[in-house]
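Below, chain A is the first sequence line, B the second, and so on; all start at residue 1. Just so you know, these numbers use all the heavy atoms, side chains as well, and skip hydrogens, waters and symmetry mates. Quantities reported herein were computed from a predicted structural model and do not represent experimental measurements.
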There are 2 protein chains.
Amino acid sequence: MEQLVAAGTRFMREVNAVAILRRLRTETSMSVSALAKAVGLSRQAVARSLNALVDEGLVEFGSVDRDSTRAGRPAQLVRFRAEAGHVLGLSISPQDLRVAISDLAGTVTAADVTPLGGGASGAEVVETLLSTVRGALQEAGVRTGDLWFASVGTPGIVDPATGVIKLIPSMPGLTGDLLVRRLEESLGCPVYLDNDVKLATQGERWRGAERREDSLVMVHWGERVGAGIVLNGELYRGTSNDAGDVGFLDLFADAPGAAPATVSRHPHGLGPFEAVVGGAEIVRLATAAARRAGDDPLLARIDAAGERAFDAVLDAVTDGAPPALEAIDVVASRFAKGVAVLRAILNPRLVVIGGPLARCGETLLTAVRRHLADQLLDQPALEVSALRDDAVVHGALRHSLDEIERTRFDLGRNGFQEAR
Amino acid sequence: MEQLVAAGTRFMREVNAVAILRRLRTETSMSVSALAKAVGLSRQAVARSLNALVDEGLVEFGSVDRDSTRAGRPAQLVRFRAEAGHVLGLSISPQDLRVAISDLAGTVTAADVTPLGGGASGAEVVETLLSTVRGALQEAGVRTGDLWFASVGTPGIVDPATGVIKLIPSMPGLTGDLLVRRLEESLGCPVYLDNDVKLATQGERWRGAERREDSLVMVHWGERVGAGIVLNGELYRGTSNDAGDVGFLDLFADAPGAAPATVSRHPHGLGPFEAVVGGAEIVRLATAAARRAGDDPLLARIDAAGERAFDAVLDAVTDGAPPALEAIDVVASRFAKGVAVLRAILNPRLVVIGGPLARCGETLLTAVRRHLADQLLDQPALEVSALRDDAVVHGALRHSLDEIERTRFDLGRNGFQEAR
DNA sequence: ATAATTAGTTACATACAGTACATAATTATT
DNA sequence: AATAATTATGTACTGTATGTAACTAATTAT
């Protein structure tokens, strides 16, 4: 366990500078006196720290406060220079590449999406991403040198510690450390790699529900199903970075007609839960229902979509096609069992549904809620992702900002030591 | 988020004193120089802090180090005065009252168990507990005034924040704040109340596996089933202090012959999972198996035990009676599904089985492990509680020590302020 | 115009830690 | 047994931080 030690009076400066920055970053601008009062230090101490921060470029003395109605000499306003640095949030999916740039306050200054063709190689994807980044940098007027950190989310199994993509079935060309290596080389700042669902969870917590829940589960629901878990305010990863792998819940093995649980083996194939609520099953259910109902137009739509049959069914849901709605209701009832299990174990305040199924919105929510109604325990609030496909990018931004927070705006850089 | 601000140089003193104490508490005794080197401060600074700590009574200068083989002037040894204060761990169950006293280093100096008769009123239970405590105090040679903190665990639903027992079906007389009020009044120190399973989890993590796992789930398995969850090194409670309520997992609703899930309502009745793996079901299964096998002696034993039929069956398991083993195997297979669900969601490193079923030891473990073998994901290590019925007391001790740590041996008592 | 009020500046006292050097008490060496 | 080497301790002094206080500056209220 690291143990902080104050080896010199610089330590105090550090602590106080951090406190001042923290306070300042939540306001647009403040007077020195107000800051001193808020932070609990003398005006002089605050002024000294501020001067140091000005030299670092993190803080700026603005104009005199003319708006004040109070008596007395008007205050000099200080402002956090959010533009002192920028961070990048990146998202890679088989469909598209997404880029967002924000300043240190988290204000997005540029964002871009590049659709992805089918047969791009790994190197091509990385170069396309880099050119998208360059475009966004130009748009935001940010030089590469002003980038402090970048985070990138991809599907599949990744190792955040080493930046290696271990398995990414939908984009096998990206396997390995190519992505991170090329990005770091090209951007000249640290690059963090994480699983897209994990990042999306942080994005949802940050920008989605607009209330930073202390405990939420974000379930990505598409062809596959996976969840990100935030507990006590931070992402929980589990022993083998595998927590929230709800696609492998085995809740229906005893149900009549269920597929045996051993059809496939992790991580290549589908888990038992995603097999009964995932995209393939939804298509199957919708097709069967359409056939029963004699809904030939819908059958034709699904058939015409080919590879994109799943999308076609989701479209049909938003259009209100009865067979599609029927399919959704069936998977909703199964999904509800999954939520109930999450509830019993984690007791989260909120469960957010993200991924392709989020498109079904209220239709889906009411169906799941209805099937949850007969549960014994009180159930968590249920919502659909507000960020949709941007959740990953926002989560990546958030991670970048957290990293900056940890390494630059928190204790532990100078004046401190860790005990051995 | 609380933000600490230094209000002067006292702050440094505080930080350093904490660092020194932390280091010192892990050793039996150290020289000042060695301490300085370990903690990363100058000898002078350490000596100054130590003098202050001596005045507080937390540290003691011992004799000169005669054992050292090294050249040079022998060092003055410093020692953490673990006997400067004591904490209490208490456990209440329908069967017995348990008390343990430890010093600040966690060394138990006295422990006592008082069996409980059947029909004691709430007030009687509390007074019996108090007299057990007084006996233990005497045994340890500790005066009431030297008690710094006490923690008590009870079954049922409790509110740790207010110290109120909300529901305790097995000992209804204790409902309310009687217990905590009387204890605080009588012991003259803060008293913390928590659910026994939650405390047992902390006890197991502390003293049980003898390795402080960062993530473990301790499942109490008896008439009812509940779990305590430790993630990232701390107990996770969930939004309504209800996390780990695995008794309410509903995994077998679709199974042929399963009881409908709506028989009972939380928290009075059994949940679906405990209904199929709990004590009552085990007795039912064992009885049925004994009848099938014509094992009349076992039937007689179970019958003679009356209220204690569950105990009788568990005895039969340790004796190796086939019908009892058969029953255990059936519930083990069901329990395995619960473990698999915990694994998929939490991905813990270790699952510990506590409560009455722990008596079945390896028999139970091998059965559960066998039924886990066909799961798709790698499963967590599985163990039986090493502390058994003392897990709660040890967890209570641990909580008391943690509380002392937080309030006395950590930053935040003097010299600090929180920003507004 | 003057008083009151608030902000900013400068000077000084205080507290803490670090460095440097002298001193004390051992073991190792001759 | 005397001396050197080694390690621990003690004292003096320096550097850097904060706080308090007194003074100056720029406004509003009277």
Task: Any side-chain donor near an acceptor of the partner, B:Thr28 and B:Arg79, under 3.5 Å - done: no
**Q.** Ring geometry between A:Phe80 and A:Phe409 (parallel below 30°, tilted from 30 to 60°, perpendicular above 60°)
**A.** perpendicular
Review point. Between A:Asn16 and D:dT18, is there a side-chain N or O to OP1/OP2 distance below 4.0 Å?
Key: yes
Partner of D:dT30 under the Watson-Crick or G-U wobble criteria, both distances under 3.5 Å, comes out as C:dA1
Taken to the nearest whole Å, CE/B:Met30 to P/D:dT9 is 12 Å
Rounded to whole Å, CZ of A:Phe11 lies from C1' of D:dA17 at a distance of 12 Å
Margin query: Assess, by modelled atom type and distance only, whether the side chains of B:Ser151 and B:Ser400 contain a donor and an acceptor separated by less than 3.5 Å.
Written below: yes
Item checked: Donor-acceptor contact below 3.5 Å, side chain A:Asp159 vs main chain A:Gly163 -> no
Sorted by chain and number, sequence neighbours left out, side chain to side chain contact (heavy atoms under 4.5 Å, CB included) with A:Asn232 holds for B:Glu234, B:Tyr236
Its contact letters, B for base, S for sugar-phosphate only and - for none at protein heavy atoms under 4.0 Å, make nucleotides 5-15 of chain C read BBBBBB----B
A:Glu14 CD to D:dT18 P, in whole Å, measures 11 Å
>> In terms of relative ring orientation, are B:Phe11 and A:Phe11 parallel, tilted or perpendicular, with 30° and 60° separating the classes?
In response: parallel
